[in-house]
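Here the structure is laid out as structure tokens; the discussion comes afterwards.
All values derive from a computational prediction rather than experimental measurement.
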Amino acid sequence: KLLTQELVTRQNTYSFSHFLGMLPNPDKIFRITGKAYEALRALKDDPHVWSCVQSRKSGSLSLEYGFTGNSAFKDEFIKIFNDLDITGLIRDILEAPLFGFQPIEIIWKYSGKYLVPLSTEAKPQEWFYYNPDGDLYLKGNAKKKDRILPEEKLLVPRYEASYLNPYGHSLLSKCYWPVTFKTGGMRFWVNFTERYGMPLLIGQYTRGASQEESAKLAEVLASMTEDTVIVSPADINITMHEAARSSSVDLYKEMIKHCNSEISKAILSQTLTTELDMGSYAASQTHFRIRREVIMADIRLVEQTINKLIGYIGRLNFPTREMPVFKMLVNDAENIGVIERDSKLSATGLNFTKDYWKRTYGFKDSDIT
């Protein structure tokens, strides 16, 4: 009997969070800095972070989508999804890898006798928390207590969530220190440029000049940074000395470049698709393949989440019927390779089953004779 039960749980071990009723987010950045999701959102203001985020999202947002399966309700679902902002929903789902999880509220409406989604809207992560049982709670206020919302009310895509961390792993959290060091480096670089970037003006008096005359000359030279005009006696020699500090400038550049590289690796798992650098063709192809694998993982997250929405629609309207399956259409070189392979195999006399054609290419029964 014990073998069929889950014995290793928070309830059966000592856990402060069990008595508190709230499981804290174990993110190290939250714990070390004392900051929360507002700090992660601020990281998107960094141009390189924004570029990497848009590059990752565009890989999924640029694809078309369709429905597979033998459901008789496929046409009805196409109409329902045509009325929804699917692009916005996909964009919200892709926020999950950046923050760990992304609650998305579903607003329902009645369309005739059916209950269908009117719109979806992403909500701030800090409004929610997980309890030790793994249930997602909406935080209350002075008038309402914390509560669990109906399952059909929320879509909650999560990125690499686990028993230890139901909040998921945040990619932006891994960019926190690189962005922080990069921002500090940029600030020091600007200060360095202000101090050493301008040429140094040297004014030389002949011996016998008074203290007042020296101070006056220094004041006039300081004003030359704006006016670049000076009138002086013939016995004053004024020269310009260029500051040579290229080694210090290179140090700032290398630090910022390294921080950008770390950001690219955290969000895209590679660097060459966002950073123009020297590299072989084979290396660039490897990096593009890695980026494609990351995008395919995002596609699976999007498909899983939207198919859960389809499941909600079916549960509320067609509880005993088979539902269609949402699928993003990836038309790339690998698919062309599969077509070429199947064509060559068919030419040898090998026949594929109807299930294979439906599974591989999304055909319906009526499409195959």
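In this structure, T183 contributes its side chain and V179 its backbone to a donor-acceptor pair below 3.5 Å. Looking at Y312, its side chain never comes within 3.5 Å of a backbone N or O of N307 through a donor-acceptor pair. The backbone N or O of L301 sits less than 3.5 Å from a side-chain atom of T305, completing a donor-acceptor pair. With hydrogens and angles ignored, the 3.5 Å screen pairs no side-chain donor or acceptor of D135 with any backbone N or O of N131. In this structure, H169 contributes its side chain and G100 its backbone to no donor-acceptor pair below 3.5 Å. For the pair D146 (side chain) and G140 (backbone), a donor-acceptor distance under 3.5 Å is present. Under the 3.5 Å distance criterion, the side-chain polar atoms of S264 are matched with a main-chain donor or acceptor of N260. Listed for the S170 side chain is a donor-acceptor partner under 3.5 Å among the backbone atoms of S173.
Under a hydrophobic clustering in which Ile, Leu, Val, Met, Phe, Trp and Tyr are joined whenever their side-chain heavy atoms come within less than 4.5 Å, directly or via other members, Y65 and I104 fall into the same cluster. Each of L98 and W50 belongs to its own hydrophobic cluster when Ile, Leu, Val, Met, Phe, Trp and Tyr are linked at side-chain heavy-atom distances under 4.5 angstrom. Linking ILVMFWY residues whenever their side-chain heavy atoms come closer than 4.5 Å, directly or via other members, places W108 and I310 in the same cluster. V49 and W177 fall within the same hydrophobic cluster, where Ile, Leu, Val, Met, Phe, Trp and Tyr residues are linked whenever their side-chain heavy atoms come under 4.5 Å apart, directly or through other members. I313 and L316 end up in the same hydrophobic cluster when Ile, Leu, Val, Met, Phe, Trp and Tyr side chains are linked at under 4.5 Å.
F67 has its ring centre less than 6.0 Å from the ring centre of F81. Side-chain rings of Y159 and F101 stay apart, their centers remaining 6.0 Å or farther from each other.
Within the 4.5 Å cutoff, the side chain of D85 has no heavy atoms near those of the S119 side chain. V53 has its side chain within reach of I267: a pair of non-hydrogen atoms, C-beta onward, lies under 4.5 Å apart. Contact annotation: the side chain of Y176 approaches that of K35 to within less than 4.5 Å [non-hydrogen atoms, C-beta and beyond]. At a threshold of 4.5 Å between non-hydrogen side-chain atoms, the residues K123 and L138 do not count as touching. Counting heavy atoms from C-beta outward, R56 and P97 have side chains that approach closer than 4.5 Å. In this structure, I256 and M186 have side chains that are in contact, with non-hydrogen atoms separated by less than 4.5 Å. With a 4.5 Å cut-off on side-chain heavy atoms, N165 and N25 count as touching. Side chains of L40 and F30 form a contact here, defined as non-hydrogen atoms less than 4.5 Å apart.
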* Starting from the C-alpha separation in whole Å, work towards a yes-or-no answer on side-chain contact (heavy atoms from CB on, under 4.5 Å) for I306 and I93. => CA-CA 9 Å; I306 296 184; I93 294 172; 3.9 Å; yes
* Worked check of ring pair (Phe, Tyr, Trp, His ring centres under 6.0 Å) between F77 and F326 -> CA-CA 10 Å; F77 274 86; F326 176 88; over 10 Å; no
* Asked: Given the rule in the side-chain contact (heavy atoms from CB on, under 4.5 Å) test, do I29 and K174 qualify, once you have shown the distances and angles that lead to the verdict?
  -> CA-CA 8 Å; I29 297 301; K174 295 169 176 55; over 6 Å; no
* Candidate pair F128 and V156, rule side-chain contact (heavy atoms from CB on, under 4.5 Å), full reasoning -> CA-CA 11 Å; F128 300 84; V156 191; over 6 Å; no
* Can you list the steps and then say if Y167 with Y129 is a ring pair (Phe, Tyr, Trp, His ring centres under 6.0 Å)? -> CA-CA 8 Å; Y167 295 91; Y129 69 87; 8.4 Å; no
* To do: Start with the C-alpha distance between L309 and I106, add both sets of side-chain angles, then the distance that settles side-chain contact (heavy atoms from CB on, under 4.5 Å), and finish with yes or no.
  => CA-CA 9 Å; L309 174 60; I106 308 170; 3.7 Å; yes
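Annotation: the span from L172 atom CG to I263 atom CD1 amounts to 10.0 Å, rounded to 0.5 Å. Residue S346 holds its OG atom at 12.5 Å from NZ of K344, rounded to the nearest 0.5 Å. The line from CD1 of I86 to CG of L84 is 5.0 Å long, rounded to the nearest 0.5 Å. Once rounded to the nearest 0.5 Å, the distance linking CG of N141 with NZ of K139 reads 12.5 Å. Annotation: the span from S261 atom OG to E254 atom CD amounts to 11.0 Å, rounded to 0.5 Å. L350 contributes atom CG, which lies 5.5 Å from atom CG of L345 (distance to the nearest 0.5 angstrom).
In terms of heavy-atom proximity, C52 sits nearest to L268 at O-CD2, 3.6 Å. Shown here for S269 and V294, the closest heavy-atom pair between the two residues is OG-CG2, 3.7 Å. Residues T87 and L61 share a closest heavy-atom pair of O-CD2, 3.7 Å. Across all non-hydrogen atoms, the minimal contact from L43 to C175 is CD1-C, 4.2 Å. The heavy-atom pair separating M255 from G185 by the smallest distance is CE-CA, 3.1 Å. Listed here is the closest heavy atom pair of Q125 and P103: CG-CD, 4.0 Å.
A salt bridge links E126 to R41: one of the charged nitrogens lies within less than 4.0 Å of a carboxylate oxygen. Note on E262 versus K265: salt bridge recorded, some NZ/NE/NH1/NH2 to OD/OE distance being below 4.0 Å. Comment: E95 engages K57 in a salt bridge, judged by a side-chain N to carboxylate O separation of less than 4.0 angstrom.
Neither side chain, S60 nor D298, offers a donor N or O lying under 3.5 Å from an acceptor on the other.
The list of salt bridge (charged side-chain N to carboxylate O under 4.0 Å, His left out) pairs with a residue in residues 149-159, not counting sequence neighbours, reads E105-K153, E151-R315, E152-R315.
The neighbour count for F188 CZ, taken as heavy atoms of other residues, nucleotides or ligands under 6.0 Å away, does not exceed 12.
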